[in-house]
Amino acid sequence: MGKFTVLNHPLIQHKLTIIRNKHTGTKVFREVANEIAELMVYEITRDLPLEDVEVETPMGKTTQKTLAGKKLAVVPILRAGLGMVDGVLELIPAAKVGHVGMYRDEKTLKPHEYFVKMPADIDQRNLFIVDPMLATGGSANMAIEALKKRGATSMRLVVLVAAPEGVKAVQAAHPDVDIYAASLDERLNEDGYIVPGLGDAGDRLFGTK
Ligand code: URA
């Protein structure tokens with residue numbers, strides 16, 4: 001089964017409270033969601049492999065460390081995932097960005113794929129799939145399937161708020177994908193929203209309704 005990790009660094013918890021607040025407006029919501037994504041990626045990349053490299057400083061030659069292994073790509077699940085991309089790119093500016101478009105049928109709550117555009121070397125990259133809310137797990141599972149179908153072999157799912165139902169669904173369908181969240185919330189309500197959650201992440205990020 002894939003690991004599920006809550007990254008509850010004090011700064012992450014503090015910032016998450018800011019965006020949960022219904023009085024937080026679009027501008028601050030957008031800034032702080034990206035700041036949380038940045039802090040999360042800082043924690044998640046602790047285990048990236050390093051290798052030795054020779055470098056010449058103004059004082060002479062030395063052997064130091066550089067990142068090794070697969071390159072990275074960040075993959076937002078449209079549209080709300082876009083609200084975490086800039087934060088990830090602050091730390092990993094050379095990462096490629098793929099996109100997976102999913103919309104949720106508001107009656108059935110079932111996700112539908114409408115757009116997938118990935119870097120050509122998707123099979124050689126560690127993918128950070130980002131989406132603020134892991135609710136039923138339907139969109140995340142469809143996105144992971146879409147990426148696997150196109151050759152992805154190494155993926156982590158990074159969300160701000162997870163519901164227990166969503167975590168279970170992804171772990172059951174994709175035991176090879178680790179999940180990272182800033183919070184594990186109580187439950188889903190009858191409309192498929194996470195409680196207490198933060199509302200509709202896409203609407204809050206983009207000022208729509
Ligand atoms: N998507 C959202 O934006 N919010 C939720 O609470 C659940 C799904």
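On a predicted model such as this, the values are computed, not experimentally measured, just so you know. Whatever order the structure lists ligands and atoms in, that order sets their numbers, starting from 1.
Residues Leu7 and Thr5 meet the side-chain proximity criterion, which asks for heavy atoms closer than 4.5 Å. Within the 4.5 Å cutoff, no side-chain heavy atoms of Val41 are placed close to those of Val130.
Under the 4.0 Å criterion applied to side-chain N and carboxylate O atoms, Lys27 and Glu31 are assigned as salt-bridge partners. Here Asp203 pairs with Arg79 in a salt bridge; the nearest charged N to carboxylate O distance falls below 4.0 Å.
Looking at residues two or more places apart in sequence or on another chain, you find no side-chain hydrogen bond (donor to acceptor under 3.5 Å, both in side chains) involving His99.
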**OP:** Applying side chain to side chain donor-acceptor pair (under 3.5 Å), run through Asn126 and Ser154 and close with a yes or a no.
**Re:** CA-CA 5 Å; Asn126 283 322; Ser154 172; 2.4 Å; yes
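Sorted by chain and number, the heavy-atom contacts of ligand 1 below 4.0 Å come from Arg104, Met133, Ala135, Gly192, Tyr193, Ile194, Gly199, Asp200, Ala201.
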